[in-house]
Amino acid sequence: VTVLAAQVGMIAATAIAILSALAIAVLFLRARLPQGVARFTAAILGVLAFLAFLSPTLLDTQGTKTSAVEDGLWTTFDESAIPGLLAEGKVVFVDVTADWCITCQVNKQLVIYNDAVRARVFGPDVVAMKADWTKPDDRIADYLSRFGRYGIPFNAVYGPAAPQGIALPELLTTDAVMAAMDKAAGKIP
């Protein structure tokens, strides 16, 4: 349900889960129903499937979705802006993530949002960009493929000393992020 909620919103995902549970109950109880009612099983299942299919359209999902940059720390990923930011002497930290990516969430909680890394990644000389791949996005897929990657999590650090970007390992560590930030900024060779 949580993966579906990332796609269509929590209200629609909950409705789809309830309708699916009802369909399973109808199938389970079909043999126990009186014959007059049992012959309508296919119609009942059809109506439930139709309602589940329409749920994302019928239910207001905008109020339940959170923005990838809602917390104010991140900017929306814009690969074309990176060269300009580098020309200003900025370091750019790119996080390609998705709501359904458990490893992405672990990386954020254990590394990106720990005090030392957080202070650096969201510091005044760094632009943190979030590329939200919760829903398929060809621009993000193309970006990943240029690094020889086809899945997430994926993080890269750009800087004046690393204009092509430094790809980080899938499982982040504080040391790996800090070293890439230093290297991209030109603080270490």
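The first residue in the sequence is number 1, and the count goes up from there.
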**Q.** Check against side chain to side chain donor-acceptor pair (under 3.5 Å), Asp78 and Ser80
**A.** CA-CA 5 Å; Asp78 180 3; Ser80 65; 2.6 Å; yes
(Q) Can a donor-acceptor pair be found, under 3.5 Å and without considering hydrogens, that links the side chain of Asn114 to the backbone of Ala116? (A) yes
Q. Are the aromatic ring centres of Tyr158 and Phe93 under 6.0 angstrom apart?
A. no
Q. For atom CG of Leu29, is the number of surrounding heavy atoms from other residues, nucleotides or ligands below 6.0 Å larger than 12?
A. yes
Q: Using modelled atom types only, decide if a donor and an acceptor are shared between the side chain of Asn107 and the backbone of Leu172 within a distance under 3.5 Å.
A: yes
Q | Expected output: side-chain Glu88 to main-chain Pro83 donor-acceptor under 3.5 Å | A | no
Q) Are Asp182 and Arg120 close enough for a salt bridge, meaning some N to O gap below 4.0 Å? A) yes
**Q.** Ion pair Asp132/Lys130, N-O distance below 4.0 Å
**A.** no
Q) Within a radius of less than 6.0 Å around CG of Asp138, do more than 12 heavy atoms belonging to other residues, nucleotides or ligands occur? A) no
Q | Output field: ring centroids Phe154/Trp133 closer than 6.0 Å | A | no
Q | Main-chain N/O of Pro153 paired with Thr103 side-chain donor or acceptor, under 3.5 Å | A | no
Q.
Counting only heavy atoms from other residues, nucleotides and ligands, does the tally under 6.0 Å from CZ of Phe53 exceed 12?
A. no
